[in-house]
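The structure under discussion appears below in the form of structure tokens.
Convention: sequence-line order gives letters A, B, ...; per-chain numbering from 1.
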There are 2 protein chains.
Amino acid sequence: MKLYSEHTKHLVAVDCIIFGYDILEKEIKLLLIKRDFEPAKGKWSLAGGFVRKDESLDDAANRILFSLTGLSDLYLEQSYTYGRIDRDPGARVISTSYSALIKIKDLDRELKELHGAHWQSLSRLPHLIFDHQEMVKKALGDLQMTIKVKPVGFALLPEKFTLVQLQDLYEAIYQRKIDKRNFRKKILSMNILEKLDEKEKETSKKGAWYYRFNRESYELHRKQGFYFNLDVN
Amino acid sequence: MKLYSEHTKHLVAVDCIIFGYDILEKEIKLLLIKRDFEPAKGKWSLAGGFVRKDESLDDAANRILFSLTGLSDLYLEQSYTYGRIDRDPGARVISTSYSALIKIKDLDRELKELHGAHWQSLSRLPHLIFDHQEMVKKALGDLQMTIKVKPVGFALLPEKFTLVQLQDLYEAIYQRKIDKRNFRKKILSMNILEKLDEKEKETSKKGAWYYRFNRESYELHRKQGFYFNLDVN
DNA sequence: TTAATTAAATGTATGATTTACACTTAAAAT
DNA sequence: ATTTTAAGTGTAAATCATACATTTAATTAA
């Protein structure tokens, strides 16, 4: 017995905004695919698809991302729902965007094989279909806000990382330089990093100490907040 | 020529979370209505309804809110989309919540006549249908974040208000006491309030100066940020 | 073996902001 | 003229943010 039968039904889609950090190039990139159905077949687009009858929105996002890119077990977070009537020229489609943060390299090879998925530098994106540009812009703005208030950045680095690498990441997200001494003072005073007994020696003779994000001490100190905002202006 | 015809369509709804501030009782309240269709007919619910074929999500939210409460021209802001399969026992419905802030009193009389809409104190809400409780909780959390970073509170006060009234509002949202001198120092130093040449004399013999929110100076000084977070532990 | 090179690591002084805290003032009512 | 009530005000101490330059550790080349 299903009610509401007099009401109009709609096509509902999800689109996945996957931000990847390239630790070597010190750049945030966006995962794009060549769309393989009409309209706009062959154009650059976010990984997207339609929500099925028997799956939740969250499940749809995970299924679609996996089927287009092979990525699974990401922390996909809902961002915003786009509902303009004519946003998709193919039909009236309501689309919810999801975003996630990952480290590039992870799955780079598999990606190339599948559906022409590619990492594109944020600073020089190609033209994207429909309102995908708007989706990305909103998600990036949200990321820049969130990272001030939650230590989400660590998902973008390997388990072990140096303070230099961590600072590079923050500079990539904020898109500006940060003073090295102030950065270290602040991040270390939060007591959420654990210094390891091991050095990274690839990039310098002296070597840089590895650190690890300590989730327990983060949870312990969380009440004090995580307000991370250096060198604003 | 419409594409995507092989894909499943869904019922899509919007639900409106309207927070009202009662300046006399110094309390945040929530606008609820008695639902007038099955299932859960007669139960307390948010103002909600289905998105039509020919309207955007935003338009649907405004139409539905108006039809159920008579409220129009609110600044409705999209909050989150709820997509669990079984969230509505009547059928599979995907619902986007919208929220807004208004001052109570405004339209109180009209409301009573229409659909049994009522303001209910946040601190003692009745049981709400489906996942509406979850929607409210999320929207309130978002409000508490936003108000630290944007001067949204002024939508909850009359054009002219006293500093005491403004402080009462912040205390109602934060749910704690704020030091009077520090509050005034901080809010005045932002240069977004304009002191008027007139006193409010209802609540005290001495009277309290009226102020007005000055949107232009807010826009001017916005780059400096609006970080309003007093007395946090 | 010594010197040169490279990137990592470190500290301090100044100014700005936050916090804690209690008395005075204006106006009406008695 | 006195009492009552709520509005309005200031300061000192502590904390936090910022600007800024040298030293250190290790490898490589002479």
Next on the checklist: Does D:dT27 have OP1 or OP2 under 4.0 Å away from a side-chain N or O of A:Lys201?
Outcome noted: yes
Item to check | Closest nucleotide among D:dT24, D:dA26, C:dA27 to the B:Lys205 side chain | outcome: C:dA27
Next on the checklist: C:dT18, OP1 or OP2 - any side-chain N/O from B:Lys186 closer than 4.0 Å?
Outcome noted: yes
Next on the checklist: If we count only N and O atoms by modelled type, under 3.5 Å, do the side chains of B:Tyr75 and B:Glu77 hold a donor and an acceptor together?
Outcome noted: yes
Item to check | Cation over ring face, A:Arg176 and A:Tyr174, 6.0 Å, 45° | outcome: yes
Next on the checklist: So, under a plain 3.5 Å distance rule, would you say the side chain of B:Lys206 forms a donor-acceptor pair with the base of C:dA26?
Outcome noted: no
Checklist entry - Where the side chain of A:Lys199 is defined as all heavy atoms beyond and including C-beta, which of D:dA26, C:dA27, C:dA8 is the nearest nucleotide? => result D:dA26
Next on the checklist: Can you confirm if the aromatic rings of B:Tyr170 and B:Phe183 lie within a centre distance of less than 6.0 Å?
Outcome noted: yes
Checklist outcome for this item: Per atom distances to the A:Ser204 side chain, the nearest of D:dA7, C:dA8, C:dT12 is C:dA8
Item to check | Per B:Trp209 side chain, nearest of listed nucleotides C:dA9, D:dG8, D:dT18 | outcome: D:dG8
Checklist entry - Taking for each residue the nucleotide of DNA chain C with the nearest heavy atom, is it A:Ala208 or A:Arg181 whose nucleotide lies nearer the 5' end? => result A:Ala208
Checklist entry - Of the nucleotides D:dC20, C:dA8, C:dC21, which has the atom closest to the A:Asp179 side chain? => result D:dC20
Checklist entry - Taking only side-chain nitrogens and oxygens of A:Arg184, does any of them come within less than 4.0 Å of OP1 or OP2 of C:dA9? => result yes
Next on the checklist: If you assign B:Thr162 and A:Lys185 each to the DNA chain D nucleotide with the nearest heavy atom, which residue ends up on the more 5' nucleotide?
Outcome noted: B:Thr162
Checklist entry - With under 30° as parallel and over 60° as perpendicular, where do the rings of A:Trp44 and A:His118 fit, or are they tilted in between? => result perpendicular
